[in-house]
Visitor: 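Mind having a look at this structure? Questions to follow.
Hydrogens, waters and symmetry mates play no part in the numbers below; they use all other heavy atoms, side chains included.
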Amino acid sequence: MKKLYILIALTSLFFVQSCDKFLDLKPENIQVVSTVEDYRDLLASYMRLLKTVDGSQKPVLGGYFLYPQFNVGSIFAYRSGELTINKNSSSYYDASLGEYKQSAVNLMSWMGNADGCWTRYYSFLGPINMIISGIMTAEGDDERLRDYVKGEALVWRAYSYFKLLQYFSPYKQNEYGVPVYLKPYEDPGNAMPKRETQTNVYKQILTDCQEALDLMERTPSTTWNCAYEPRFLHGMLASIYCYKAMSAVAEENDWQNAINHADKAMTGRTFVRDQATYDAIFDSPALQAFTNDEFYLRMVDGFNGQIADFSSTYYQTYSTSQANPGPEPEFYILYKDDDVRKNTFFRTKTDGTLVYDKYNLSAGPYAAWGLANGGIVMLFRAAETQLIKAEALYRLGKMTEAKEALNEFKQGRYLDIEGSYTESDLLNEILKERKLEFYHEQDIWWLDMKRTGTRMERVINGTLYVLEPDDYRYCFPIPQSEMKVNKNMVQNPGWEEISL
């Protein structure tokens, strides 16, 4: 039997989240990967930021680890309008000229790239492919663990290709998908793959999801372990079908599939309006590890800021900070007084200043020094799933059922549900609730803008900039490093002659 030799060293990280026994990992150095247990440890090592070691802060395996690019808030917040550039920042604003510097103009005019996301996801897919391929012939009799490891890896491969499509593919042009690697030893730098059509990428994503669901049905998880959890995967599938449903590769049953998966993801879950419970979900300094009806997977990064460094984007107030420290007033007023989110997301300081405080990082011990990094990521949480269901029902013309689904969500946010309605039609009300719920939450605002064809205008230094529906700037350019080494790669339309 061919054995895979890998050198793995110990490193330490202060990280806590709700996956109490991720793959039941017992840390130890590994040099040969040949058994089912070896592959389990390898997967847990590559995903080491997604687990707790016995609920403690012990070191875990690995010298350099690969994991999906979760920390994307700073990439999208200026694009979506969730943040504006701080005019007190000498790095981004020239006070003597009274205008923004070019770096700020690029951010606000929807230019710039996401090269780090491209590199991170394709680097992560290498070991994931190796695990999916190798686990099937690995030595060992623990078939439960074999299914478990493969299923976990399949979910993360599907997730990675889904995010690559969302970030790097034009929404209405099927021919511009992304390269798909499935073999464990393919070298992205030398293989020179062509871009797959989006149809083919989605086919691979859905194939991986179905295989993972089959494994979960055959071998259910016996503990709370990250992505090997049917409700998490059904929540992801609801999001996949919702995003796909108005794209270039939309199919007639996409919205119904979104509803079906949303129903399965929400099995046994309810929305209850309780301020303390909602506060706890977003309380990063507390580093709680707990389960809750509001989320399927909750990652808390309380110090290093590698998984989610919200403070570096939102909370620093000194002169080099990009962002204005407070919330945008016109958005703050959209939250009604009986909305549980208003008290969780915002705080009034003793001097009367209103501050954005969604993740409660200002309560951390280093906040006064501008060092309170860290944050929380909850992928495909229940709120998104329920609002997807409401939107899908609306898109299918089922207005009564759509409002019932929306009200089910609203009962966890408002005291006066009917009084919470402010938009002229139901779809706008659903989309409004998505904006209120996911304010400063990763990429959700931006991707909603992309899929719904939102038009936006901004005046920067006296010049009007317009982002049109399906604008080329709704997807990032393929990195120049990839374009240089891969003669078969085709740049996204609109970015061909632009140098960043």
Visitor: Under the criterion side-chain contact (heavy atoms from CB on, under 4.5 Å), I'd like the reasoning laid out for W118 against N113: C-alpha separation, chi angles, the key distance, then a yes or no.
Guide: CA-CA 10 Å; W118 178 277; N113 60 54; over 6 Å; no

Visitor: Begin from the C-alpha positions of M449 and R79 and carry the test side-chain contact (heavy atoms from CB on, under 4.5 Å) through to its verdict.
Guide: CA-CA 10 Å; M449 290 171 59; R79 289 173 167 260; over 6 Å; no

Visitor: Does a side chain donor of either N492 or R195 reach within less than 3.5 Å of an acceptor in the other side chain?
Guide: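 Short answer, yes.
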
Visitor: Please work out which of the three classes, parallel, tilted or perpendicular, describes the rings of Y202 and F162, given edges at 30° and 60°.
Guide: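 Tilted.
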
Visitor: Would the distance check show the side chain of W255 and the main-chain N or O of L393 forming a donor-acceptor pair, the cut-off being under 3.5 Å?
Guide: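 No, because the side chain of W255 does not come within donor-acceptor range (under 3.5 Å) of the backbone of L393.
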
Visitor: Would you confirm whether the ring centroid of Y171 sits within less than 6.0 angstrom of the ring centroid of Y474?
Guide: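 They do not qualify: ring centres at least 6.0 Å apart.
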
Visitor: Give the minimum heavy-atom separation between A153 and I128, together with the two atoms involved.
Guide: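 So the minimum-distance heavy-atom pair works out to O-CG2, 3.5 Å.
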
Visitor: Is any side-chain heavy atom of M378 less than 4.5 Å from a side-chain heavy atom of I281?
Guide: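 M378 reaches I281 side chain to side chain.
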
Visitor: With heavy-atom distances below 4.5 Å as the criterion, would you say the side chains of V201 and V249 are in contact?
Guide: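 Side chain of V201 against side chain of V249, heavy atoms only: no contact under 4.5 Å found.
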
Visitor: When you compare the side chains of Y421 and N407, does any donor N or O come within less than 3.5 Å of an acceptor on the partner?
Guide: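 Short answer, yes.
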
Visitor: Is the backbone of E457 close enough, under 3.5 Å, to the side chain of Y465 for a donor and an acceptor to pair up by distance?
Guide: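 It does not hold such a pair.
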
Visitor: With a 6.0 Å cut-off on ring centres, are W495 and Y176 close enough?
Guide: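 No: the rings miss the under 6.0 Å criterion.
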
Visitor: Closest heavy-atom contact between M236 and A158?
Guide: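 Of all heavy-atom pairs spanning M236 and A158, the closest is CE-CB, 3.9 Å.
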
Visitor: Would you say CD of E252 has more than 12 non-hydrogen atoms from neighbouring residues, nucleotides or ligands within 6.0 angstrom?
Guide: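 For E252, atom CD is not crowded (no more than 12 foreign heavy atoms under 6.0 Å).
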
Visitor: Looking at R381 and E441, does any basic side-chain N land under 4.0 Å from a carboxylate oxygen?
Guide: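 Yes, this pair counts.
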
Visitor: To the nearest 0.5 Å, tell me how far F346 CZ sits from Y439 OH.
Guide: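 Reported to 0.5 Å precision, the distance equals 5.0 Å.
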
Visitor: Step through it carefully: locate the ring centre of Y228, locate the ring centre of F232, and say whether they are under 6.0 Å apart.
Guide: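 No, too far apart.
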
Visitor: How many angstroms lie between atom CG of L233 and atom CG of L213, to the nearest 0.5 angstrom?
Guide: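 Here the interatomic distance stands at 4.0 Å.
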
Visitor: Between R473 (side chain) and S109 (backbone), is there a donor-acceptor pair under 3.5 Å?
Guide: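 Present.
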
Visitor: Please check if the side chain of E229 supplies one atom and the backbone of R231 the other of a donor-acceptor pair under 3.5 Å.
Guide: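 Answer holds: yes.
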
Visitor: In plain terms, say whether E433 and R341 are close enough for a salt bridge, that is, a side-chain N and a carboxylate O under 4.0 Å apart.
Guide: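 Judged by the 4.0 Å cut-off on N to carboxylate O distance, E433 and R341 do form a salt bridge.
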
Visitor: Inspect the contact between K172 and D470 and indicate whether a charged nitrogen and a carboxylate oxygen are less than 4.0 angstrom apart.
Guide: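 No, no charged N to carboxylate O under 4.0 Å.
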
Visitor: With side chains defined as the heavy atoms from C-beta onward, is the minimum distance between L237 and L206 less than 4.5 Å?
Guide: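 Yes, close enough: below the 4.5 Å cut-off.
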
Visitor: Using 30° and 60° as the class boundaries, would you call the ring planes of Y122 and Y161 parallel, tilted or perpendicular?
Guide: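 Aromatic pair Y122/Y161 classed perpendicular.
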
Visitor: Can you spot which of L406, L431, L427 makes a side-chain contact (heavy atoms from CB on, under 4.5 Å) with Y394?
Guide: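 Of L406, L431, L427, side-chain contact (heavy atoms from CB on, under 4.5 Å) with Y394 is met by L427 alone.
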
Visitor: Can you give me the closest heavy-atom contact between S169 and V178, atom names plus distance?
Guide: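 Scanning both residues completely, I find the closest heavy atoms to be OG-CG1, 3.8 Å.
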
Visitor: Between Y241 and N260, is any pair of side-chain heavy atoms under 4.5 Å apart?
Guide: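 No. Closest side-chain heavy atoms not under 4.5 Å.
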
Visitor: Work out which heavy atom in A383 is nearest to a heavy atom in R413; give both atom names and the distance.
Guide: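 Closest approach of A383 to R413: CB-NH2, 3.9 Å.
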
Visitor: To the nearest 0.5 angstrom, please state how far the CG atom of D254 sits from the OG atom of S247.
Guide: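 These two atoms lie 7.0 Å from each other.
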
Visitor: Any salt bridge linking E429 with K432? Criterion: basic side-chain nitrogen under 4.0 Å from a carboxylate oxygen.
Guide: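 Yes.
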
Visitor: Students often mix this up, so state it plainly: with edges at 30° and 60°, are the rings of Y278 and F345 parallel, tilted or perpendicular?
Guide: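 Answer is tilted, since the angle falls between 30° and 60°.
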
Visitor: Donor-acceptor check, side chain of S123 to backbone of R120, threshold 3.5 angstrom: yes or no?
Guide: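 Answer holds: no.
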
Visitor: For the backbone of E423 and the side chain of N428, can you confirm whether one donor and one acceptor N or O come within less than 3.5 Å of each other?
Guide: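 Between the backbone of E423 and the side chain of N428 there is no qualifying donor-acceptor contact (under 3.5 Å).
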
Visitor: Atom NZ in K194, atom CE in M489: separation rounded to 0.5 Å?
Guide: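 It comes to 11.5 Å.
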
Visitor: With the side chain counted from C-beta on, respond yes when M456 and S80 share a heavy-atom pair under 4.5 Å apart, and no when they do not.
Guide: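 Answer no - side chains too far apart.
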
Visitor: Name the orientation class of the two ring planes belonging to Y93 and Y100 (parallel below 30°, tilted from 30 to 60°, perpendicular beyond 60°).
Guide: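 It falls in the perpendicular class, over 60°.
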
Visitor: Walk me through it: do N200 and V180 pass the test side-chain contact (heavy atoms from CB on, under 4.5 Å)?
Guide: CA-CA 9 Å; N200 287 341; V180 174; over 6 Å; no

Visitor: Identify whether the distance between the nearest side-chain nitrogen and carboxylate oxygen of K403 and E418 falls below 4.0 Å.
Guide: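 So K403 pairs with E418 through a salt bridge.
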
Visitor: Has N461 got a side-chain atom pairing as donor or acceptor with E99's backbone, closer than 3.5 angstrom?
Guide: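 No, the answer is negative, given that no donor and acceptor are paired below the 3.5 Å cut-off.
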
Visitor: May I ask you to check whether D443 and Y167 show a side-chain donor-acceptor distance below 3.5 Å?
Guide: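 Checked: D443/Y167 side chains pair up, N/O donor to acceptor below 3.5 Å.
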
Visitor: Run through Y78, F76, F331 and flag the one making a ring pair (Phe, Tyr, Trp, His ring centres under 6.0 Å) with W445.
Guide: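 In the set Y78, F76, F331, the residue that makes a ring pair (Phe, Tyr, Trp, His ring centres under 6.0 Å) with W445 is F331.
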
Visitor: Can you name the closest pair of heavy atoms from C209 and I240 and give their distance?
Guide: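 In this case the closest contact between C209 and I240 is SG-CD1, 4.3 Å.
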
Visitor: Do R458 and V105 pass the side-chain contact (heavy atoms from CB on, under 4.5 Å) test, and can you show the C-alpha distance, the side-chain angles, and the key distance before you say yes or no?
Guide: CA-CA 10 Å; R458 286 177 181 163; V105 174; over 6 Å; no

Visitor: Determine whether a donor-acceptor pair (N or O, by modelled atom type, separation under 3.5 Å) exists between the side chain of K101 and the backbone of S90.
Guide: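 Yes; judged by distance alone, with no hydrogens or angles, the pair exists.
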
Visitor: Is it the case that Y296 and T385 place a side-chain donor and acceptor less than 3.5 Å from each other?
Guide: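 There is such a pair between these side chains.
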
Visitor: Write down the atom of C117, the atom of Q69, and the distance for their closest heavy-atom approach.
Guide: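 Minimum heavy-atom separation between C117 and Q69: SG-CG, 3.5 Å.
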
Visitor: With rounding to the nearest 0.5 Å, note down the distance linking CD in Q102 to CD1 in I460.
Guide: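 The CD atom of Q102 sits 9.5 Å away from the CD1 atom of I460.
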
Visitor: Do T344 and Q275 meet the criterion of a side-chain donor-acceptor pair at a distance under 3.5 Å?
Guide: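 Q275 and T344 do have a side-chain donor-acceptor pair below 3.5 Å.
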
Visitor: Can you tell if the side chain of Y159 reaches within under 4.5 Å of the side chain of F124, non-hydrogen atoms only?
Guide: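 No, too far: nothing below the 4.5 Å cut-off.
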
Visitor: Can you tell me how far CG of D279 sits from CG of N343, rounded to the nearest 0.5 angstrom?
Guide: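 The CG atom of N343 sits 7.5 Å away from the CG atom of D279.
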
Visitor: Would you call E211-R157 a salt bridge at under 4.0 Å N-O?
Guide: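 Looking at R157 together with E211, the answer is no, because their closest N to O distance does not fall below 4.0 Å.
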
Visitor: Please confirm whether the ring centroid of Y414 lies under 6.0 Å from the ring centroid of F271.
Guide: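 Here the rings of F271 and Y414 have centres that are no less than 6.0 Å from each other.
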
Visitor: Cut-off 3.5 Å, side chains only: do Q204 and D208 have a donor facing an acceptor?
Guide: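 D208 and Q204 do have a side-chain donor-acceptor pair below 3.5 Å.
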
Visitor: Do we see a donor-acceptor contact under 3.5 Å between the side chains of E384 and S239?
Guide: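 There is such a pair (donor and acceptor under 3.5 Å, judged by atom type) between the side chains of E384 and S239.
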
Visitor: Side chain of R269, backbone of D293: donor and acceptor closer than 3.5 Å?
Guide: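 Looks like yes, one N/O pair under 3.5 Å.
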
Visitor: Could you check whether any side-chain heavy atom of Y181 comes within less than 4.5 Å of a side-chain heavy atom of L125, counting everything from C-beta outward?
Guide: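 Not touching, per the 4.5 Å side-chain cut-off.
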
Visitor: Answer yes when K389 and E408 have at least one side-chain N-carboxylate O distance shorter than 4.0 Å, and no when they do not.
Guide: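 Looking at K389 and E408, the cut-off is not met.
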
Visitor: Report yes if some heavy atom in the side chain of P493 is under 4.5 Å from a heavy atom in the side chain of Y472; otherwise report no.
Guide: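 Heavy-atom side-chain distance check fails, nothing below 4.5 Å.
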
Visitor: Can you check whether V459's main-chain N or O pairs, donor with acceptor, with T463's side chain at less than 3.5 Å?
Guide: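 Pair absent, no side-chain N/O of T463 close to backbone of V459.
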
